[in-house]
Amino acid sequence: MTTRVRFAPSPTGYLHIGSARTALFNYLYARNVGGKFLLRIEDTDIARSTEESTRSILEGLEWLGFSHDEEIVFQSDNADKHRVTALKLLEEGKAYRDFTPKAEPNDKNIKAEIAAKARANQGEKNMRDNEYRDLPKDESDKRAESGEPFAIRLKIAMSGKTSFEDAVYGLQERDYDEIEDLVLLRSDGHPLYNLAVVCDDIEMEITDVIRGQDHLTNTHKQILIYEALDKTPPRFAHLPLILAPGGKKLSKRIHGEIVSMTTYRDAGFLAASFRNFLALLGWSAGEEQEIYTLDELTEKFSLDGIHRSNATFNFDANNEKRWTDDKAIWMNAEYIRTLPLEDLLPHVIKELKSAKLWREEYDDDDAEWFAKTVNLIRERFYTLKDFSGQGRAFFSEDFDFDQKAIEKNLKKHPDLQQWLPELAERFETLEDWSHDPIYEVVQKFCEEKDTKVGVILNGARVLLTGQMVGPSMLAAMEQLGKDKTIMRLRSQIAWNE
RNA sequence: GUCCGGUUCGUCUAGGGGUCUAGGACACCGCCCUUUCACGGCGGCAACACGGGUUCAAAUCCCGUACCGGAUACCA
């Protein structure tokens with residue numbers, strides 16, 4: 001039987017980091033064993049699901065490069081089937097109607113409310129204790145026919161336990177006493193999550209369910225449904241959670257943008273690097289390698305390498321430099337400087353286009369110059385954004401000057417205001433505009449002025465690129481060209497800032 | 001409360017009885033290189049939650065404690 005896994009997000013927001021990792025692991029698992037990776041949108045919560053979320057999730061998956069096999073399944077399309085299944089269980093006596101009026105939660109803090117209720121019932125409550133559980137069939141039918149609203153609950157046996165072997169967490173057992181007769185169908189006829197998931201997983205012939213550890217206890221309920229349906233449950237593998245620095249589950253509501261995949265795409269991350277980073281959050285190949293291509297990940301991925309302990313996604317909302325996990329940033333920089341140039345170029349082009357810095361010549365007469373420039377400046381960049389930010393001066397005359405650079409490398413040496421235009425003068429007569437001759441001119445100039453080469457070049461860096469840091473200044477001058485170098489050395493703009 | 005799970009440097013992690021005076025990566029700090037630097041090189045700081053066992057030997061196995069997380073629903 002071919003392996004079939006699914007990624008099943010509920011469209012209640014953008015693609016979350018945790019979800020993205022779940023998708024990644026499912027994807028890697030499927031590709032590793034040559035199985036199918038399916039996609040199912042769990043939009044049964046009509047109140048919270050939005051089309052926009054679905055779009056955003058799809059976009060995120062596309063960006064990450066996880067192409068799914070087969071058509072996307074929308075869970076809401078199967079609601080009728082879910083209802084039929086619930087009714088069938090009712091018919092077979094494996095479920096029953098519960099006429100208890102629906103209790104509306106006080107909203108806000110539902111979790112706390114549930115926990116409080118559970119605590120209050122502690123030791124007292126018998127999970128099988130429902131007055132409608134053993135209501136005679138004819139009476140139940142009669143009340144239903146009279147229009148009295150009811151929910152359908154699964155009739156769990158009086159005693160026993162469920163168990164399954166989790167690929168990550170090992171043998172999991174749960175006594176029926178711990179599980180309430182779960183509702184399959186709401187009193188308004190709406191099928192509930194556990195029912196829907198089981199029905200769809202059966203229909204989609206899912207063989208392996210890989211999902212977050214927060215579903216560990218749901219699994220027992222779902223197994224009960226499989227059993228009632230006389231179906232064999234799939235294999236299960238639960239993933240450790242991704243926590244925020246505070247130690248709580250990383251959540252959209254509390255942590256905001258930081259958890260959204262689109263944030264990383266928009267911040268200039270390479271999908272390949274983020275994927276790589278995600279793969280290492282809760283999984284390891286048991287070796288010291290850290291940088292992996294998708295193919296390598298696919299080849300090495302195994303459920304055995306998944307951890308049981310949660311991982312912290314480290315970031316500091318109050319620190320601009322640490323806005324997201326250090327390692328994610330480092331890894332992106334590593335990708336930017338080590339990716340084969342031809343693989344990086346398309347991303348840079350895209351970035352320049354969106355920053356309105358792109359010129360057709362870069363793809364034509366200046367293609368060689370362009371490639372060389374990208375290669376030169378990428379060395380110290382962290383994100384794609386840097387190509388249009390710090391690297392702007394290479395593509396446009398309209399660039400900003402870093403205030404700190406002006407202070408430190410320009411105004412601290414007032415002589416530079418005369419010297420730099422003077423240096424431009426010397427360059428005018430330089431025939432061979434390349435590294436060594438440029439350096440000779442600079443050296444000679446420094447000797448005359450009795451100053452250090454660093455002072456001149458750092459000052460020049462500010463005028464030429466607006467930056468304090470960057471690649472070798474001589475290489476930058478060479479790359480910028482004689483005309484621009486001379487023109488910018490003469491400019492007084494930075495001095496007046 | 002109950003059930004389930006977890007606990008190795010600040011973070012991600014290696015490790016599965018002796019090779020562990022615990023390895024790598026990020027971050028941080030030094031030094032070097034250098035025209036600057038966020039590159040690179042070298043080095044440093046820094047961890048087995050605690051207590052009992054078992055064993056010749058425990059980060060590794062067992063028990064307990066603490067702490068953390070998840071779950072608990074006519075949400076998904």
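Reminder, nothing fancy here: chain letters follow the sequence lines and each chain counts from 1. Note that the coordinates shown come from a computational prediction; the quantities given were computed from them, not determined experimentally.
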TODO: Could you run through nucleotides 66-76 of chain B and give me one letter per nucleotide, 5' to 3': B if any protein heavy atom sits under 4.0 Å from the base, S if only the sugar-phosphate is that close, - if neither?
DONE: ---SSSBBBBB
Task: Reading 5' to 3' through nucleotides 40-46 of chain B, protein heavy-atom contacts under 4.0 Å coded B for base, S for sugar-phosphate only, - for none - done: -------
Counting only pairs under 3.5 Å, give me each side-chain donor-acceptor contact of residues 438-445 of chain A, with atom names and distances, residues two or more places apart or in other chains.
none

Distances for protein N or O near nucleotides 18-22 of chain B N or O, under 3.5 Å:
none

Show me the donor-acceptor pairs, under 3.5 Å and distance only, between side chains in residues 452-472 of chain A and residues at least two apart or in other chains.
{"from": "A/Asn458", "atom 1": "ND2", "to": "A/Gly454", "atom 2": "O", "distance (Å)": "3.1"}
{"from": "A/Arg461", "atom 1": "NH1", "to": "A/Pro471", "atom 2": "O", "distance (Å)": "3.0"}
{"from": "A/Arg461", "atom 1": "NH2", "to": "A/Pro471", "atom 2": "O", "distance (Å)": "3.4"}
{"from": "A/Thr465", "atom 1": "OG1", "to": "A/Arg461", "atom 2": "O", "distance (Å)": "2.8"}
{"from": "A/Thr465", "atom 1": "OG1", "to": "A/Gln467", "atom 2": "N", "distance (Å)": "3.2"}
{"from": "A/Ser472", "atom 1": "OG", "to": "A/Leu474", "atom 2": "N", "distance (Å)": "3.4"}
{"from": "A/Ser472", "atom 1": "OG", "to": "A/Ala475", "atom 2": "N", "distance (Å)": "3.3"}

Please write out each protein N/O paired with an N/O of nucleotides 29-32 of chain B under 3.5 Å, distance rounded to 0.1 Å.
none

Can you name the residues that form a side-chain contact (heavy atoms from CB on, under 4.5 Å) with [X], not counting sequence neighbours?
X	value
A/Asp316	A/Asn318, A/Asn319, A/Arg322
A/Leu243	A/Leu241, A/Asn310, A/Thr312
A/Lys221	A/Ile179, A/Leu182, A/Asn194, A/Asn218

Using a cut-off of under 3.5 Å, enumerate the N/O to N/O pairs linking the protein to nucleotides 61-63 of chain B.
none

TODO: Could you measure between the two C1' atoms, the one in B/C62 and the one in B/G17, and give it in whole Å?
DONE: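 One C1' to the other, the span is 13 Å.
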Can you tabulate the close N/O pairs, meaning under 3.5 Å, that link protein atoms to atoms of nucleotides 33-36 of chain B?
{"from": "B/U35", "atom 1": "OP1", "to": "A/Tyr439", "atom 2": "OH", "distance (Å)": "3.4"}
{"from": "B/U35", "atom 1": "N3", "to": "A/Met473", "atom 2": "N", "distance (Å)": "3.4"}
{"from": "B/U35", "atom 1": "O4", "to": "A/Ser472", "atom 2": "OG", "distance (Å)": "2.6"}
{"from": "B/U36", "atom 1": "O4'", "to": "A/Asn458", "atom 2": "OD1", "distance (Å)": "2.7"}
{"from": "B/U36", "atom 1": "O4'", "to": "A/Asn458", "atom 2": "ND2", "distance (Å)": "3.2"}
{"from": "B/U36", "atom 1": "O2", "to": "A/Arg461", "atom 2": "NE", "distance (Å)": "3.2"}
{"from": "B/U36", "atom 1": "O2", "to": "A/Arg461", "atom 2": "NH2", "distance (Å)": "3.4"}
{"from": "B/U36", "atom 1": "O2", "to": "A/Met468", "atom 2": "O", "distance (Å)": "3.4"}
{"from": "B/U36", "atom 1": "N3", "to": "A/Arg461", "atom 2": "NH2", "distance (Å)": "3.0"}
{"from": "B/U36", "atom 1": "N3", "to": "A/Gly470", "atom 2": "O", "distance (Å)": "2.9"}
{"from": "B/U36", "atom 1": "O4", "to": "A/Gly470", "atom 2": "O", "distance (Å)": "3.4"}
{"from": "B/U36", "atom 1": "O4", "to": "A/Ser472", "atom 2": "N", "distance (Å)": "3.3"}

Open item on the list: So, OP1 or OP2 of B/G5: does either fall under 4.0 Å of a side-chain N or O from A/Arg308?
Closed with: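 False: A/Arg308 side-chain N/O out of range (4.0 Å or more) of B/G5 OP1/OP2.
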Task: Whichever of A/Tyr382 and A/Tyr169 has its nearest RNA chain B nucleotide further upstream toward 5' - done: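 That would be A/Tyr169.
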Task: Identified side chain to side chain donor-acceptor pair (under 3.5 Å) counterpart of A/Asp166 within the set A/Gln213, A/Gln172, A/Arg308, A/His238 - done: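 Per the side chain to side chain donor-acceptor pair (under 3.5 Å) rule, the option paired with A/Asp166 is A/His238, out of A/Gln213, A/Gln172, A/Arg308, A/His238.
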- [ ] Give every residue pair that meets the ring pair (Phe, Tyr, Trp, His ring centres under 6.0 Å) criterion with at least one member in residues 158-197 of chain A, sequence neighbours excluded.
- [x]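 Found A/Phe164-A/His220, A/Phe164-A/Phe236, A/Tyr193-A/His215.
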TODO: Would you sort out whether A/Arg97 and A/Glu148 count as a salt bridge (charged side-chain N to carboxylate O under 4.0 Å, His left out), showing the intermediate values?
DONE: CA-CA 10 Å; A/Arg97 295 190 186 95; A/Glu148 193 177 341; over 6 Å; no
- [ ] Kindly point out which of B/G6, B/A27, B/C12 is positioned nearest to the side chain of A/Arg322?
- [x]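 Closest nucleotide to the A/Arg322 side chain: B/A27.
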